[in-house]
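All remarks here apply to the structure that follows.
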Amino acid sequence: MAATQVLRSEWTKIRSVSSTIWTLGLAAVVTIALGLLISILSKNDYDNLSREDKITFDPTFISFAGMSLGQLAMIVFGVLVVSNEYSTGMIRTSLAAVPQRATFLFSKIAVATVLAFVVGLATSFISFFVGQAMLGEYKAQIGDPGVLRAVIGGGLYMTLIAMFSMGVAAMLRSPMLSLGILMPFFFLISNILGNVSATKKVGRFLPDQAGSKIMQVKTPFDDDTPYGPWGGLGIMVAWTAVAVIGGYVLLKKRDA
Amino acid sequence: MIELEGLTKRYGEKVAVNNLTFTVRPGIVTGFLGPNGAGKSTTMRMLLGLDNPTAGDVRIDGKRYAQLKDPLKYIGALLDAKAMHGGRSAFNHLLCLAQSNGIPRARVHEVLDTVGLTAVARKKAKGFSLGMGQRLGIAGALLGDPEILMFDEPVNGLDPEGIHWIRNLMKSLASQGRTVFVSSHLMSEMALTADHLVVIGQGRLLADMSMADFIRQNSRSYVRLRSPQRERLLDVLHQAGITVVEAGNGTLEVDGTGAERVGELAAQHQLVLHELSPQQASLEEAFMQLTAESVEYHAHADHQGPGDAAPGRAPSGGPPPGQRPGQGWGSGWQQPRKGD
Ligand SMILES: Nc1ncnc2c1ncn2[C@@H]1O[C@H](COP(=O)(O)OP(=O)(O)O)[C@@H](O)[C@H]1O
Ligand SMILES: [Mg+2]
């Protein structure tokens, strides 16, 4: 079973269902639009900031504010790519055609990940430039130290969120169960754990808390995070790897 | 060729498939018959490497399924007509399957044509009727032009035209020398399509023989009698050494003796007959009798269940016990096929 055959097949699968378009489209639109809105609000509010907050004012990070919501669409994309196979019964047809389960799962994840990366990176760049245009005199330049890394990092963050969701969906199979766990987790629980002081030390090792560090150019004053931008992304990569490998291990031994 | 060797599948306490050993040969349609829940689908899933057997082994042309390079070129299967993404067009559904096995795109058009779906090739599968979905599933099975084809209850829910189409398709595939393995829970369906029969009940092998043998062994013919002088009639037949079975509602059944002889005997003794009719037990009855002990959930004893419908009644008036037709004409089934 040549992997290129399976990659081509998975590409046909992903481009031939409408959920791909609307989930990725929504991820881009929501991220960009909300980033634009928050950039405008931040600019108008700048004068009310304390002196410290003005020093650590991070126009790059602000232009990515829409990702907190846009990532939910990325999660839906990642979950549906995998769990669609189960909810439709297609999985049996797919595994009869490709009985090598590693080839099947990793080809699927590879194709979806490349697509998520292209969309995520484009979204990140557009969010940045649109946001900076709104921020006027406070804007950052793409050539400023750390900014390009943050913008590319934004694309990587969205990609990893999608990939992590694919791994979780491969473990859980059911789209409703996967979304029911991932959406509230990334939208609410992780934020609460990462911001309440009692749980902060643990919370910041969660995939999104750690991964979003890559999008920061300026560190807040009281920040004592024990990892840098790439360290944070590394933590997110580790979470993603665990989810994907977990998905594979279960797929490998389970009845289809 | 498909070879099963002691194939077993257990789901927790439940043994769904129990030590199945048989071979499915090329050039004929092999029917896989069993009541609902007998383990047909589970067996077929194990055949495709989808479910892991608890014990035993299954080989496709001597190989494990996972060892097949581009498996769709060896074996095509229709498990469930709905095993596809409804949002994908028929063409794209087949295209992604073709690509995964290195089958050229032109073949997708060919099979769409074969199953008569060319006109709706670009339509989403979720708008398809059951029959169209079934045809699309069959197109997928034919895609790799495989030597082995397997269909799980392909005629379920189809209209007569669709049923007719599928029967002819299976026969023509077999006549091309291919191995065709098709499951059903209906004896009547198998009688029309299958050349060879594998019968299972509660996961166990009950019969493995040619359709011709099955029919020969199971077309029990008997004579049905009704008479107002029932007791005397029983005596007369008894004295003539003829076995009689009481079939309820006052009717009697006579095996192994022609209607002529029974009628003449009655006339000699001046007995009135209200009925004297030659009967043929249906294959459906034979199948129900065969699987009666293995049907998962019997209807309650007060009601008409599969066991009641089968001709297994108490003998009456007949000389030696143990010559009950219900046992006599069924005992050959459990014997293994000769020449294996
Ligand atoms: N995934 C499963 N988990 C538990 N029990 C199952 C599973 N699949 C099938 N069974 C049981 O195994 C038996 C055989 O089922 P199946 O193979 O579908 O029978 P058939 O296709 O002959 O109707 C049934 O009793 C069914 O309930
Ligand atoms: Mg079944």
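As a basis for the values below, the full set of heavy atoms in this structure was taken, side chains included, without hydrogen atoms, waters or symmetry mates. Quick caveat, the model's predicted, so the values are computed rather than measured. All chains are named by letter (A, B, ...) in the order of the sequence lines, taking the proteins before the strands, and each is independently numbered beginning at 1.
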Donor-acceptor pair between A/S94 and A/E85 side chains, under 3.5 angstrom: yes
Sequence neighbours left out, cut at 3.5 Å: what donor-acceptor pairs do the side chains of residues 14-21 of chain A make with other protein atoms?
{"unit_1": "A/S16", "atom_1": "OG", "unit_2": "A/T12", "atom_2": "O", "d": "2.7"}
{"unit_1": "A/S16", "atom_1": "OG", "unit_2": "A/K13", "atom_2": "O", "d": "3.1"}
{"unit_1": "A/S16", "atom_1": "OG", "unit_2": "B/R88", "atom_2": "NE", "d": "2.9"}
{"unit_1": "A/T20", "atom_1": "OG1", "unit_2": "A/I14", "atom_2": "O", "d": "2.6"}

Honestly, the part of B/Y11 sitting under 4.5 Å from a heavy atom of chain A is side chain
Check: Within the distance-only criterion (no hydrogens, no angle test), does the side chain of B/T8 pair as donor or acceptor with the backbone N or O of B/T54 below 3.5 angstrom?
Finding: no
Note: vs chain A, highest number of non-hydrogen pairs under 4.5 angstrom among B/L48, B/D80, B/L97 is B/L97
The salt bridge (charged side-chain N to carboxylate O under 4.0 Å, His left out) partners of B/R107 (sequence neighbours excluded) come to B/E110
All N/O donor-acceptor pairs, side-chain side in residues 132-152 of chain B, below 3.5 Å, sequence neighbours left out:
{"unit_1": "B/Q134", "atom_1": "NE2", "unit_2": "B/P154", "atom_2": "O", "d": "2.4"}
{"unit_1": "B/R135", "atom_1": "NH1", "unit_2": "B/V115", "atom_2": "O", "d": "3.0"}
{"unit_1": "B/D145", "atom_1": "OD1", "unit_2": "B/R178", "atom_2": "NH1", "d": "2.9"}
{"unit_1": "B/D145", "atom_1": "OD1", "unit_2": "B/R178", "atom_2": "NH2", "d": "3.2"}
{"unit_1": "B/D152", "atom_1": "OD1", "unit_2": "B/S183", "atom_2": "OG", "d": "2.5"}
{"unit_1": "B/D152", "atom_1": "OD2", "unit_2": "B/S41", "atom_2": "OG", "d": "2.6"}

When the 4.5 angstrom heavy-atom criterion is applied to B/K9 and chain A, the contacting part is side chain
Are B/R59 and B/D57 within salt-bridge range, i.e. N to O under 4.0 Å?
yes
Against chain B, residues from residues 247-256 of chain A with at least one heavy atom under 4.5 Å, in numeric order, are A/K253, A/R254, A/D255, A/A256
Got a donor-acceptor contact below 3.5 angstrom from the B/E3 side chain to the B/I60 backbone? no
